[in-house]
Amino acid sequence: MGIGPAIDEGFYYDFDLKSPFVPEDLEKIEAEMKKIVSENIPVVRQEVDRETARKMFSDMGEDYKVELIDDLPEDSVISLYRQGEFVDLCAGPHVPSTGYLKAVKLLNFAGAYWRGDEKRPMLQRIYGTAFMSQDDLKQYLDKLEEVKKRDHRRLAKELDLFSIQEEGGPGLVYWHAKGALIREIIEDFWRKEHRKRGYDIVYSPHIAKLDLWKTSGHWNWYRESMYAPMAIEEVEYMLKPMNCPFHILMFKNQTRSYRDLPMRMGELGTVYRYERSGVLHGALRVRGFTQDDAHVFCTREQLEDELIGVLELAQFMLTTFGYAEYECMLSVRDPENKAKYVGDDESWALAQNALEQALLRKNLPYTVEEGEAKFYGPAIDIKVKDALGRRWQGPTIQVDFNNPERFDVTYVGEDGLRHRPVMIHRTVLGSMERFVAGLVEHYAGAFPLWLSPTQVTVIPIADKMAGYAEKVAAALREEGFRVNCDLGHEKMGFKIRQAQMQKVPYMLVVGAREEESGTVSVRHRAGGDMGAMPLDAFIRGAKEELATKSLEMLVKSQT
RNA sequence: GCCAGCGUAGCUCAAUGGUAGAGCAGCUGAUUUGUAAUCAGCAGGUUAAGGGUUCGAUCCCCUUCGCUGGCUCCA
């Protein structure tokens, strides 16, 4: 036996088995659990000293338990829980007897390294969950079903958004027309909002000389995520895993003055990182992706205000995309393993302090996460909560005193002397791939009107109405809507079904009645038949919905 | 990368140690319809790839590739 803790959504237990679990084992074990529950066996707590516990588990041949005991302080009192012939190490508390268990289900099994260390043996882990009632359990299982239905890989296929091609290689995303359109809308919005806030938007190359990556520290601290160098006319080049060195070069292209600062340089920059094959997951974890990256060069005095500006931009973006809740984390170094990071203690302390001050000034509660910093500096990492309450990695904001040093970046101050600027690295959306995949799941594919690839489908009742349908579609296009006019020889019900399945927000049904009165019969994908209204009235309403980027319809679609 | 499982038509899935079948999608034709599927016909597959066992493999074995669930890692 390994360990078997309770986790957020249930529990697991690790075993070192001679032969791995097979699916039938789950049923057998679950049946045995039910039997034990029905026997209502008392669960008794017992406290022993370390030596006693050690001998006990050593006699039983439970070497993993012995290792756990050995890691506890010598004078610790160790609690055991005994249930019939079974005894286990546990801090507790436990239910008084097995009959207290009302609804237990084993879910799946998988390999897991002993103590999470890939150099240690791999154990067989079994996952399960438990609830106070069968109803609660059922609700949980229904939620798992809902998660499956929303899976971006499934929806991307159904809605024809993007794909990954086996012939092209794993972890490389192909954006189909509709997905590309959503991405374009998001990128346009991103650019507009960044320009408003004083960002310059740039482009940089995809490869650079190996020496550049040595200067930046990537070669030393990030090599295992980079693709092998390629020789071009006997000079080695590398594919970029990050955009920062390029932005630094652009900053250094001229002598900068304090008057140029803060300089905010943004780029939708495509990077390539080697990700181990087992970690790839749809568009959420890929090998080539486009970050909504930006680097702010500023003075130490400007740093805090710049961080506040980034935090406010992040909050604005998250809200616009319908993420109402989020959690902030201050990611700092792993104090045990400083060799993983570039730079000295002092600059790390300064950077961390600046981030902390910004969080405090914005009144944002946060937790400190050790070992979560990037190799060049500490960060604020924001996790957003989606419509199903799941947490996703969102914006990340990093302070970097090291790269300006390594690249000898300077600006000329009021005093005529050269000074060292500070750098902020930040992304708000993360990457287009991950962000859009997240949105697909957040909205279950039913994007708000402003993001929907097709906003309106016009459905003539019969072929002879095609003329009016096309007139309606043309009028809408003239107003800037993305319109599909469905002139196929199918019945209206079939066309409605098609549009529903494609999650088109509005379907406009037109027949003789509508043509005579210059109206359209409006059907909303979630609200159903909304009756006839003059075409201009529909246009006005839809424009209003667009202008507010309203999520009202989303809320409606979930009830 | 590691542990386990999976890979059959564009998609969802059947079937079998004896030259693979359905629904949807596609194409052709008919139908002209009032709020989630009109009807008929046609076409579509070296059963992921390579090797082995066998009289014969899609099925059994091995290797490779890819995917899925986890672990480790991460935008």
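Chain naming here is simple, since letters A, B, ... match the order of the sequence lines and numbering starts at 1 in each. Basis for what follows: all heavy atoms, side chains included, without hydrogens, waters or symmetry-related copies.
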Item to check | Per-nucleotide protein contact string for nucleotides 40-45 of chain B (B base, S sugar-phosphate only, - none; heavy atom under 4.0 Å) | outcome: ------
Next on the checklist: Walk along nucleotides 67-75 of chain B from 5' to 3' and tag each nucleotide B, S or - by protein heavy-atom contact under 4.0 Å, base first, then sugar-phosphate.
Outcome noted: SSBBBBBBB
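Distance noted for atom C1' between B/G10 and B/U33: 29 Å (whole Å). When the C1' atom is compared between B/G18 and B/C59, the two are found 12 Å apart, to the nearest whole Å. One C1' atom belongs to B/G45, the other to B/U16, and the distance between them is 16 Å to the nearest Å. Between the P atoms of B/G29 and B/G51, the separation comes to 44 Å (whole Å). Taking atom C1' on both nucleotides, B/U63 is separated from B/U53 by 15 Å, rounded to a whole Å. B/C73 sits 44 Å from B/G17 when the C1' atoms are compared, rounded to a whole Å. With P as the reference atom, B/U68 and B/U35 are 41 Å apart, rounded to whole Å. Nucleotides B/U58 and B/G52 place their C1' atoms 16 Å apart, quoted to the nearest Å.
With ring centers used as reference points, A/Trp114 lies under 6.0 Å from A/Tyr64. Taking the six-membered ring for Trp and the full ring otherwise, the centers of A/Tyr376 and A/His425 sit less than 6.0 Å from each other. Aromatic pair A/Tyr12/A/Tyr127: ring centres closer than 6.0 Å. The aromatic ring centroids of A/Phe375 and A/His218 lie less than 6.0 Å from each other. When ring centroids are compared, A/Tyr13 and A/Phe15 come within the 6.0 Å threshold. Aromatic pair A/Tyr140/A/Phe131: centroids less than 6.0 angstrom apart.
A/Tyr323 is listed as a side-chain neighbour of A/Leu439, based on a closest heavy-atom distance under 4.5 Å.
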Checklist outcome for this item: Output field dot_bracket for RNA chain B (Watson-Crick or G-U, both distances under 3.5 Å, | for other-strand pairs) contains (((((((..((((....[..)))).(((((.......))))).....(((((..]....))))))))))))....
Pairwise N/O distances under 3.5 Å, protein to nucleotides 28-32 of chain B:
{"residue": "B/U31", "atom": "O4", "partner": "A/His489", "partner atom": "ND1", "Å": "3.2"}
{"residue": "B/U32", "atom": "O2", "partner": "A/Asp463", "partner atom": "N", "Å": "2.9"}
{"residue": "B/U32", "atom": "N3", "partner": "A/Asp463", "partner atom": "OD1", "Å": "3.4"}
{"residue": "B/U32", "atom": "N3", "partner": "A/Asp463", "partner atom": "OD2", "Å": "2.7"}
{"residue": "B/U32", "atom": "O4", "partner": "A/Asp463", "partner atom": "OD2", "Å": "2.7"}
{"residue": "B/U32", "atom": "O4", "partner": "A/His489", "partner atom": "ND1", "Å": "3.4"}

Might you list the N or O atoms of the protein lying below 3.5 Å from N or O atoms in nucleotides 8-12 of chain B, with each pair's distance?
{"residue": "B/U12", "atom": "OP1", "partner": "A/Lys157", "partner atom": "NZ", "Å": "3.2"}

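Proximity of residues 508-523 of chain A to RNA chain B (heavy atom under 4.0 angstrom from any strand atom) is restricted to A/Val509, A/Gly511, A/Ala512, A/Arg513, A/Glu514, A/Ser521, A/Arg523.
Among A/Val436, A/Ile182, A/Leu155, A/Val173, the single residue meeting the side-chain contact (heavy atoms from CB on, under 4.5 Å) criterion with A/Leu161 is A/Ile182.
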